[in-house]
Amino acid sequence: MRLTKLLAALEEQPERWQGVPAGGEREQIEVSQLAYDSRKVTPGTLFIAVPGTHTDGRKYLANAAQRGAVAALGPALDDLVPSDTQLPLPYIPVRNVLAALADLASAFYGYPAQQLCTIGVTGTDGKTTTCNLIHTILSEAGMHAGLMTTANFKIHSEEWENTTRQSTLEALEVQQLLRRMLDKGVTYAVIEATSHGLELQRVRGCAFDVGVVTNITHEHLDFHKTLENYRRAKARLFEMLDPQRDKGLGIRPAAILNRDDASYEVLKPYCRVPILDYGIDSPAAVRAVDLQMDAQRTRFRAILPNAEVAIETQLVGRFNVSNCLAAIATAYSQGVAPEMIARGLARVAGVTGRMERIDEGQPFSVIVDYAHTPDSLTKVLAILRPLTAGNLLVVFGSAGERDVQKRPIMGEIAAQMADFCVITDEDPREEDRVQILREIARGCEAAGKREGRDFLCIADRTQAIAAAFARARAGDTILLAGKGHEQSIIIGGEKIPWDDRRVAREQLRLLLDYR
């Protein structure tokens, strides 16, 4: 694509180019791909110099030029480059580089979201599960669906794990994947839209038709600073729903809100499309009654605006009833028949790293779950407590360089709801890993627990898991929380291969061999 044509997609047109030859030479520049990582630049690339937390793309202009970039776009250079003559390639300054990246990616891949029904799912907890439920229901109903979440990607029946450690991909990868979906005949794209993804423009250009929220609780205050800012970021999804947008696909725009959650009143003013609410405890258009829950399955009746249907799912726990209702309301808003909704939910055996059982023949239960917020940890422990004949143990931590306020809160929750805790690494990153554990431990101590008797602090996660297994007796349950599906652990600046499920199996086999 001609660079000048690509730049025409920008909402705010650049006022000038720097380091560019005079005359019509810039009109001839052809772009073969986009990249924001200079290591991925190939000849013909437009390099997007994105400023980040740990580095700045403007420092890599020479590297990008060496690799064959034909031009670069990014924030004003200021003092980084003293004069245009020292620029290694044409440079286009813009005020909002993240918005520009999204606009360029949308244009480069032919605006795929304009040819798909796009469903965005946001919230603090339950997003990945809800996305997978929606995808399965749509597929069961014969609709061609694609999916992108924290844990996995799907295009029709093809599925692969998300190993990027990004819940919402950068705008370039989002648009690239939407294009791939469209080329493979997908008509419905289900996208996990995190607060970071919304705030940092990663889902800009997704032209959402349906917005879904699970809940909004304490999380990511390291980034958003206040709960109000965090809620405001979530609200951007619903601002993106345009009642006037017509893709010619027979889509019914809708905002799917949780009537049981405080987010309902927060998000309602931002909705310009019809609201379809759901709930268990509150009067809602889609609600669950006659709940029957045990360790293997959940049953309830879903009451819809003009029908009702019996639901049975292998997902357990009250919070999964809420996730199911969000998926039911989403599918119903697009005209999926109630019986197809029930069939789809019955098909879901589980979501990787979410309440996933690890069984190597041990006499106690081991559960791996992604719970990494106060609310999600509370909910998972509340489910496991009545299902546990013996003691309930939990191995957990809290991420470095992330929300520090939640650390003692999670420690107190674990101390109050579990019989024994092992506090360990989650992703310490560049923070002092021992200091993180001490901050969590303060919450345990505030609940009256004593280190050595009621909890341990073991930074090494393998050793922490082994210590919990060594204490376990028949009938106990051990929850490994915080990592779930993730395939790495970040210590210092290094991303080390890691999988709670693999490590759990290895440690169980060692334990059983020893015993």
Side-chain angles (χ1 to χ4, degrees), residues 1-14 29-50 57 64 68-74 92 94 96-120 131 135 144-149 152-156 158 160 162 164 166-194 197-198 200-210 237 240 242 245-249 251:
M1 186 181 291
R2 285 281 172 90
L3 177 56
T4 49
K5 182 180 178 183
L6 194 56
L7 294 176
L10 296 178
E11 184 176 67
E12 186 177 346
Q13 289 296 301
I29 297 175
E30 292 278 347
V31 173
S32 60
Q33 75 156 3
L34 309 178
Y36 55 84
D37 183 337
S38 64
R39 294 167 295 185
K40 296 182 179 179
V41 168
T42 58
T45 298
L46 171 62
F47 176 59
I48 317 297
V50 178
V70 291
L73 176 146
I92 304 152
V94 293
N96 189 333
V97 68
L98 294 177
L101 174 60
D103 291 345
L104 292 170
S106 298
F108 188 79
Y109 288 106
Y111 299 99
Q114 297 291 349
Q115 302 165 72
L116 296 163
C117 174
T118 47
I119 300 169
C131 284
H135 179 275
H144 300 300
L147 172 74
M148 55 178 94
T149 78
N152 58 340
F153 304 108
K154 291 183 183 179
I155 298 179
H156 301 313
E158 179 190 2
W160 65 102
N162 180 354
T164 67
Q166 283 187 301
S167 296
T168 302
L169 303 178
E170 298 292 346
L172 180 58
E173 284 78 25
V174 169
Q175 296 301 322
Q176 189 177 50
L177 188 50
L178 288 176
R179 180 76 247 174
R180 183 175 164 189
M181 289 181 185
L182 187 63
D183 290 345
K184 293 201 172 186
V186 164
T187 51
Y188 288 81
V190 186
I191 304 165
E192 186 170 333
T194 63
L198 290 157
L200 298 175
Q201 309 287 343
R202 294 174 187 169
V203 293
R204 179 182 171 101
C206 285
F208 287 114
D209 302 293
V210 181
L237 172 62
M240 294 169 75
D242 184 355
R245 184 183 293 125
D246 183 6
K247 299 178 180 178
L249 302 172
I251 299 164

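Along the sequence shown, the residues carry numbers beginning at 1. The figures that follow rest on heavy atoms only: side chains count, while hydrogens, waters and symmetry mates do not.
The main-chain N or O of Gly44 is found under 3.5 Å from a side-chain atom of Ser32 such that the two form a donor-acceptor pair. Thr187 places a side-chain N or O within donor-acceptor distance of the main-chain N or O of His144, the cut-off being under 3.5 Å. Within the 3.5 Å criterion, the main-chain N or O of Phe208 finds a donor-acceptor partner in the side chain of Arg245. Judged by distance alone, the side chain of His135 and the main-chain N or O of Val190 form no donor-acceptor pair under 3.5 Å. The backbone N or O of Cys206 sits less than 3.5 Å from a side-chain atom of Thr118, completing a donor-acceptor pair.
Looking at residues two or more places apart in sequence or on another chain, you find a ring-ring contact (aromatic ring centres under 6.0 Å, His included) between Phe153 and Trp160.
Under the 4.5 Å side-chain criterion, counting only non-hydrogen atoms from C-beta, Leu177 is in contact with Ile155. Under the 4.5 Å side-chain criterion, counting only non-hydrogen atoms from C-beta, Gln166 is in contact with Arg202. Under the 4.5 Å side-chain criterion, counting only non-hydrogen atoms from C-beta, Val94 is in contact with Val97. A heavy-atom distance below 4.5 Å is found between the side chains of Leu98 and Val50. Taking 4.5 Å as the limit, some side-chain heavy atom of Leu34 sits within range of a side-chain heavy atom of Leu6. Side-chain atoms of Glu30 and Lys5, non-hydrogen and from C-beta on, never get closer than 4.5 Å to each other. Contact of the Arg179 side chain with the Leu182 side chain is registered, since non-hydrogen atoms from C-beta on lie closer than 4.5 Å. A 4.5 Å side-chain heavy-atom check between Leu3 and Ile92 finds at least one atom pair inside the cut-off.
Across Ala9 and Tyr111, no two heavy atoms sit closer than the pair CB-OH, 3.4 Å. Closest heavy-atom contact between Ala189 and Leu178: CB-CD2, 3.8 Å. Among all heavy-atom pairs drawn from Val41 and Ala69, the shortest one is CG1-N, 3.7 Å. Among all heavy-atom pairs drawn from Val31 and Gln33, the shortest one is CG1-O, 3.4 Å. Considering every non-hydrogen atom in both Leu116 and Ile251, the closest pair reads O-CD1, 4.1 Å. Across every non-hydrogen atom of Ile29 and Val70, the tightest pair is CG2-CG2, 3.7 Å.
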Donor-acceptor contacts, no H, no angles, side chain residues 100-107, under 3.5 Å, sequence neighbours left out:
residue	atom	partner	partner atom	Å
Asp103	OD1	Arg204	NE	2.8
Asp103	OD2	Glu11	N	3.4
Asp103	OD2	Arg204	NH2	3.2
Ser106	OG	Ala102	O	2.9

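Interatomic distance, CG of Leu147 versus SG of Cys131, reported as 6.0 Å (0.5 Å rounding). Considering CG of Asn96 and CD of Gln201, their distance stands at 5.5 Å, rounded to 0.5 Å. The CD1 atom of Ile191 sits 11.5 Å away from the OG1 atom of Thr149 when rounded to the nearest 0.5 Å. Rounding to the nearest 0.5 Å gives a distance of 11.0 Å between CG of Asp242 and CE of Met240. Between the CD atom in Glu192 and the CG atom in Leu169 there is a gap of 10.0 Å [rounded to 0.5 Å]. One distance of note links CG of Leu46 with CE of Met1; it measures 11.0 Å at 0.5 Å rounding.
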Going through the checks in order, is the side-chain contact (heavy atoms from CB on, under 4.5 Å) test met by Asp209 and Leu249?
CA-CA 11 Å; Asp209 302 293; Leu249 302 172; over 6 Å; no
From CA spacing to verdict: side-chain contact (heavy atoms from CB on, under 4.5 Å), Met181, Met148
CA-CA 10 Å; Met181 289 181 185; Met148 55 178 94; 4.0 Å; yes
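More than 12 heavy atoms of other residues, nucleotides or ligands sit less than 6.0 Å from atom NZ of Lys247.
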